[in-house]
Amino acid sequence: MVITDLGKALLAKSPTGTALPVTRWQIGKGTLEEGQPLQERTQLLGPVKYIPLAEVKNQGNQCTVTGQFLNTGMEEFRWEELGLLATDPDLGEILYAYGNARGNGDLIEAGEEKYREAIFGIELVFDGVANVTTVIDQSLVFIPMSQKGQPGGVATLDDTGRLPEEQLPEISFDPAGSAAAVQSNLNAHIGNRNNPHGVTAAQAGADPAGSASAVQANLTAHTNDKSNPHGVTAAQAGADPVGSAASVQATLMPLITAVQNTANRKARIVYGKYSGTGTKEAKITFDARPSIVFIGGMQASTQKATGVTIAIDGMKSLAVSDNFSYVNSASAGTASFSGGYASFGSNYVSISVGDYGSGINQSGAVYFYCAIFTE
């Protein structure tokens, strides 16, 4: 490798002690024949790639400039040329030094096939004290293979991009038991039910403190409310309409008193109810033969009273109002009145009021009865 004519001209322009501004390397594949002078070259015959400077080292009147070649991402070529470039104040970047293998260059395989690396350089000697200067991009300075994987050097990478196990430094693991201690602390934290993270009710989507107790207080008050807060009707509860029992009782008491006074007998009262089936006849069974039976109903659709029907065993007449249907019978037979009849048996009464039949057995209606037994 020699200094080119352009390089010598640059040295002549540079005063003694002035730094020489080299810039970068360039490699190529062009071949010079024997006898063709190197110093006349102003550029490479077959340039392939620029290579950044790896190091510029000045010592006295000597200067060493190095570079590093890697074939990563390159296609196959034969390395024949090497040039060192520098900056001329008049011409710009020039070919300062040049070398050619003249057909004996190395065959460089494609980067995908085989990894190749080369460290190369030039040593410049000046008559006086002169320095070679350049700006070296440290991010582009490569590490020689001779320093990789060696003591005091740097580690290499395997095919997976990881450090080989044999190049890993000794690793200091946690002392025995430390992992168990961490797990113990974690378990204690997990088991902490005192809200160690200070989560609020709103963050947890829960009711604010005290709201549940307020709801419970309202629920307890509602449960203890005996004034029918839901407005349940007597029919819904399966009970007698308001006042119906008292009305029947008020109607019966004079008759009971009369029977007791005239016959010197005691009376027994039995209450009950049945659901209408839609026929004109209603039959009610007891544990003995009744003397008087009162029947009153509640219409299913209108929730209104259907009137009261009175059947009396052994009585021939009884004054009735417009709201009453009246039938009677003599002794154990059957008697009719106003198109209806009442039949008393040893433990039942069967009643029909003819045109008024719907009043004692209307389908869907609930009927309440009161029977008087004399002893």
Side-chain angles (χ1 to χ4, degrees), residues 1-32 34 36-72 74 77-106 108 116-148 150-154:
M1 193 170 191
V2 300
I3 303 296
T4 64
D5 294 339
L6 290 176
K8 294 177 181 178
L10 176 59
L11 287 175
K13 295 178 184 180
S14 303
T16 302
T18 302
L20 180 64
V22 292
T23 56
R24 54 183 172 173
W25 294 96
Q26 188 177 29
I27 62 175
K29 57 185 178 180
T31 302
L32 285 178
E34 290 293 338
Q36 289 182 290
L38 301 178
Q39 65 272 16
E40 295 179 358
R41 300 301 310 167
T42 59
Q43 61 184 13
L44 273 64
L45 290 170
V48 172
K49 183 179 182 180
Y50 288 108
I51 298 177
L53 301 173
E55 182 181 26
V56 176
K57 185 177 181 181
N58 294 294
Q59 186 174 4
N61 64 340
Q62 296 182 351
C63 176
T64 302
V65 183
T66 61
Q68 183 180 32
F69 166 76
L70 295 173
N71 66 339
T72 304
M74 297 183 65
F77 75 102
R78 187 171 294 280
W79 188 355
E80 294 284 351
E81 298 178 281
L82 176 63
L84 177 62
L85 307 181
T87 301
D88 184 288
D90 301 319
L91 302 177
E93 191 174 54
I94 64 169
L95 182 60
Y96 176 80
Y98 177 75
N100 194 289
R102 299 185 186 276
N104 297 314
D106 292 335
I108 306 299
R116 293 291 298 271
E117 179 188 35
I119 302 296
F120 58 89
I122 186 174
E123 185 176 89
L124 304 174
V125 180
F126 304 97
D127 293 337
V129 178
N131 294 321
V132 177
T133 62
T134 186
V135 177
I136 300 176
D137 186 349
Q138 295 297 330
S139 65
L140 299 177
V141 175
F142 300 97
I143 300 172
M145 288 293 293
S146 60
Q147 298 181 18
K148 295 181 179 180
Q150 301 300 321
V154 296

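On a predicted model such as this, the values are computed, not experimentally measured, just so you know. The first residue of the sequence shown is numbered 1, and numbering continues consecutively from there.
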Note, Leu53 side chain near Leu84 side chain (heavy atom, < 4.5 Å): yes

For the student: nearest non-hydrogen atoms of Ala97 and Ile122, plus distance: CB-CD1, 3.9 Å

Pairing residues for Asp90 by the side-chain hydrogen bond (donor to acceptor under 3.5 Å, both in side chains) criterion, not counting sequence neighbours: Lys13

Between CG on residue Leu124 and CG on residue Leu11, distance to nearest 0.5 Å: 8.0 Å

With sequence neighbours excluded, residues passing side-chain contact (heavy atoms from CB on, under 4.5 Å) with Ala86: Leu10, Val22, Tyr96

Spacing of NZ belonging to Lys57 relative to OG1 belonging to Thr66, to within rounding of 0.5 Å: 10.0 Å

Non-neighbouring partners of Arg116 that pass salt bridge (charged side-chain N to carboxylate O under 4.0 Å, His left out), sequence neighbours left out: Glu109

Partners meeting side-chain contact (heavy atoms from CB on, under 4.5 Å) with Arg102 (sequence neighbours left out): Leu32, Glu34, Gln36, Leu38, Asn100

Side-chain heavy-atom pair Leu91, Leu6 within 4.5 angstrom cut-off: yes

Residues forming a side-chain hydrogen bond (donor to acceptor under 3.5 Å, both in side chains) with Glu81, sequence neighbours excluded: Tyr98

Separation between NZ of Lys49 and CG of Leu70, rounded to the nearest 0.5 Å: 7.0 Å

Distance-only criterion, 3.5 Å: show the donor-acceptor pairs between side-chain atoms of residues 40-48 and protein atoms not counting sequence neighbours.
from	atom 1	to	atom 2	distance (Å)
Arg41	NE	Gln43	O	3.4
Arg41	NH2	Gln43	O	3.2

Partner set under ring-ring contact (aromatic ring centres under 6.0 Å, His included) for Phe120, not counting sequence neighbours: Trp25, Trp79

Test item: Glu80 side-chain N/O and Gly105 main-chain N/O as donor-acceptor pair under 3.5 Å: yes

Heavy-atom check, side chain of Ile108 versus side chain of Met74, under 4.5 Å: no

Heavy-atom closest contact (Gly67 atom, Ala54 atom, distance): CA-CB, 3.8 Å

Value rounded to 0.5 Å, distance of CG in Leu95 from CG in Asp5: 10.5 Å

Partners meeting salt bridge (charged side-chain N to carboxylate O under 4.0 Å, His left out) with Glu93 (sequence neighbours left out): Arg24

Pairs satisfying salt bridge (charged side-chain N to carboxylate O under 4.0 Å, His left out), at least one member in residues 59-69, at least two apart: none

